[in-house]
Chemist: 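Structure provided below as structure tokens; questions to follow.
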Amino acid sequence: MVFKNLNIIEPILKAINAKGYSTPTPIQEQSIPILLKRKDLLGCAQTGTGKTAAFAIPILQHIYLDKQPNKGRRKIKALIVTPTRELAIQIADSFTDYGKFTGIKNTVVFGGVKQNPQTFALRQGVDILVATPGRLLDLMQQGYISLKDVEYFVLDEADHMLDMGFIHDIKKIVAKLPSQRQSLFFSATMPPDIIKLSGKILGTPEKVTINPEQATAERVHQSVYFVSKRAKSKLLIYLLKSDTYSSTLVFSRTKHGADKIVKLLKRASINAEAIHGNKSQGARQRALGNFKNGDTNVLVATDIAARGIDVSELALVVNYDLPNIAETYVHRIGRTARASASGIAISFCDVEEKAYLRDIQKLIDQQIPVVEEHPFIDDGTEEPNKPSRPPKKATQQSRYKKKGNSYQKHRRSDTRNKTNKQS
Ligand code: AMP
């Protein structure tokens with residue numbers, strides 16, 4: 001299958017070609033024909049599957065072909081609502097890329113920054129608006145945005161919208177949309193409250209499901225290290241120093257944890273930055289920019305902040321903490337296997353996380369290979385919730401480090417064999 005077979009018009013084909021895409025991803029192959037027929041769509045798919053192009057291409061094509069002789073200011077014909085600023089920026093960039101030979105204009109609005117540049121862009125007139133819910137409603141209330149001409153509406157990452165408490169905002173936005181429109185609804189998961197919400201937004205939709213778990217897990221080279229909570233930072237430093245990964249995304253369960261990991265990496269002369277909800281929008285954008293252009297090799301992120309991080313050359317994902325929701329694991333490792341690429345994902349599992357590992361393996365229907373040989377194998381002596389040692393007192397590993405940095409040499413081989421079996 002090639003894009004040309006999907007009846008995509010020449011100016012868009014040219015842009016897709018310029019992006020270097022050779023074949024459509026499964027969600028694109030399935031959704032584009034439905035959307036070009038102007039049908040509503042319920043898409044069960046996550047970020048990383050190529051879903052942005054799956055909806056952006058047909059919307060651009062409709063607007064291009066519908067184009068009225070230009071009278072007056074452009075009106076917002078397509079609205080895309082997405083939960084995070086990072087995703088919003090990324091989606092708007094995609095519209096700019098795929099639409100660069102169409103003359104169609106888009107802009108993006110999101111909270112946490114001054115509104116003036118956004119209202120300025122809106123005043124110039126745009127065809128497509130990408131927005132996070134809060135800022136969208138705010139600007140609607142101030143009279144900068146009218147939705148009365150919207151013909152194409154996309155609700156993206158619906159499950160995360162609900163998790164983040166946006167349900168009322170979504171309802172208010174939908175209430176302002178014209179009833180005659182094409183609606184698209186995307187969610188990585190489809191629990192009952194999501195199905196209910198989709199029923200309020202869509203007419204009689206066509207359904208497309210991309211099995212993300214299997215698809216992602218098969219493409220990513222995965223491994224797990226059994227390691228005590230205390231030794232995780234040493235293992236991370238050891239791994240990062242023993243291989244030259246160009247860019248590594250490390251997942252931490254908490255914001256505080258992310259900051260702590262960055263501090264430890266920096267102390268080990270590894271260039272790292274954190275990205276999480278406590279950082280200002282400017283700091284997040286800066287950290288992301290530094291990571292994308294290669295100034296920072298390691299980005300430490302929480303799950304929410306990492307949504308929408310789109311780095312095509314991501315070499316490695318490290319699950320410093322295993323997520324307690326198995327689907328999150330798939331989202332995380334999918335960062336290193338965008339669209340058709342493959343990648344590497346390493347997970348650290350301490351004794352308290354073994355149940356999470358079992359859930360993950362069940363979901364992906366696959367045993368993740370265990371790395372049997374490494375210097376920080378959990379010998380099982382760390383009890384859950386045992387207070388960590390006072391910082392001044394050297395641990396056995398740090399004493400070894402002082403002696404000559406050879407953890408491998410001093411590894412406890414007796415306990416290793418006993419505790420390294422996957423339970
Ligand atoms: P998305 O799921 O929309 O966030 O897309 C994930 C990544 O896949 C982005 O980096 C896109 O640029 C890339 N991508 C989208 N479609 C294709 C394709 N047909 N071939 C190769 N890469 C693609």
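Residue numbers start at 1 and run along the sequence shown. When a ligand or atom number is given, it counts from 1 through the structure's own listing order.
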Chemist: Could you list the donor-acceptor pairs under 3.5 angstrom formed by side chains in residues 255-268, with sequence neighbours left out?
Modeler:
unit_1	atom_1	unit_2	atom_2	d
K255	NZ	N278	OD1	3.3
D259	OD1	H276	NE2	3.0
D259	OD2	H276	NE2	3.2

Chemist: If the contact criterion is a heavy-atom separation under 4.0 Å, does T23 count as touching ligand 1?
Modeler: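 A heavy atom of T23 does come that close to ligand 1.
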Chemist: Does any N/O atom on T52 come nearer than 3.5 Å to any N/O atom on ligand 1?
Modeler: yes
Chemist: Under 4.0 Å from a heavy atom of K51: give me the atoms of ligand 1 that qualify, with their elements.
Modeler: 1 (P), 2 (O), 3 (O)
Chemist: Is there a side-chain contact between L299 and V250 in this structure, where contact means two heavy atoms from C-beta onward sitting under 4.5 Å apart?
Modeler: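 No, every pair of side-chain atoms sits at 4.5 Å or beyond.
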Chemist: Using distance alone, determine whether Y21 and ligand 1 share an N or O pair under 3.5 Å.
Modeler: yes
Chemist: Could you check if a side-chain atom of P133 sits within less than 4.5 angstrom of a side-chain atom of M161, using non-hydrogen atoms only?
Modeler: yes
Chemist: Run the side-chain donor-acceptor check on residues 99-112: report pairs under 3.5 Å with partners two or more places apart or on a different chain.
Modeler:
unit_1	atom_1	unit_2	atom_2	d
T102	OG1	G99	O	2.6
T102	OG1	I104	N	3.2
N106	ND2	T96	OG1	2.9

Chemist: Could you tell me which atoms of ligand 1, counted from 1 in the order shown, lie closer than 4.0 angstrom to a heavy atom of F3?
Modeler: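 This gives 19 (N) as the contact atoms.
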Chemist: Ring centres under 6.0 Å, that's the criterion: do F55 and Y152 meet it?
Modeler: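 So the answer is no for these two rings.
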Chemist: Just do the side chain to side chain donor-acceptor pair (under 3.5 Å) check on S183 and R181 with the steps written out, would you?
Modeler: CA-CA 6 Å; S183 299; R181 59 171 198 260; 2.7 Å; yes
Chemist: Could you tell me whether some N/O pair between A53 and ligand 1 is separated by less than 3.5 angstrom?
Modeler: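 In this structure, A53 places no N or O atom under 3.5 Å from an N or O of ligand 1.
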Chemist: Under a 4.0 angstrom heavy-atom cut-off, which atoms of ligand 1 come close to Q90?
Modeler: 4 (O)
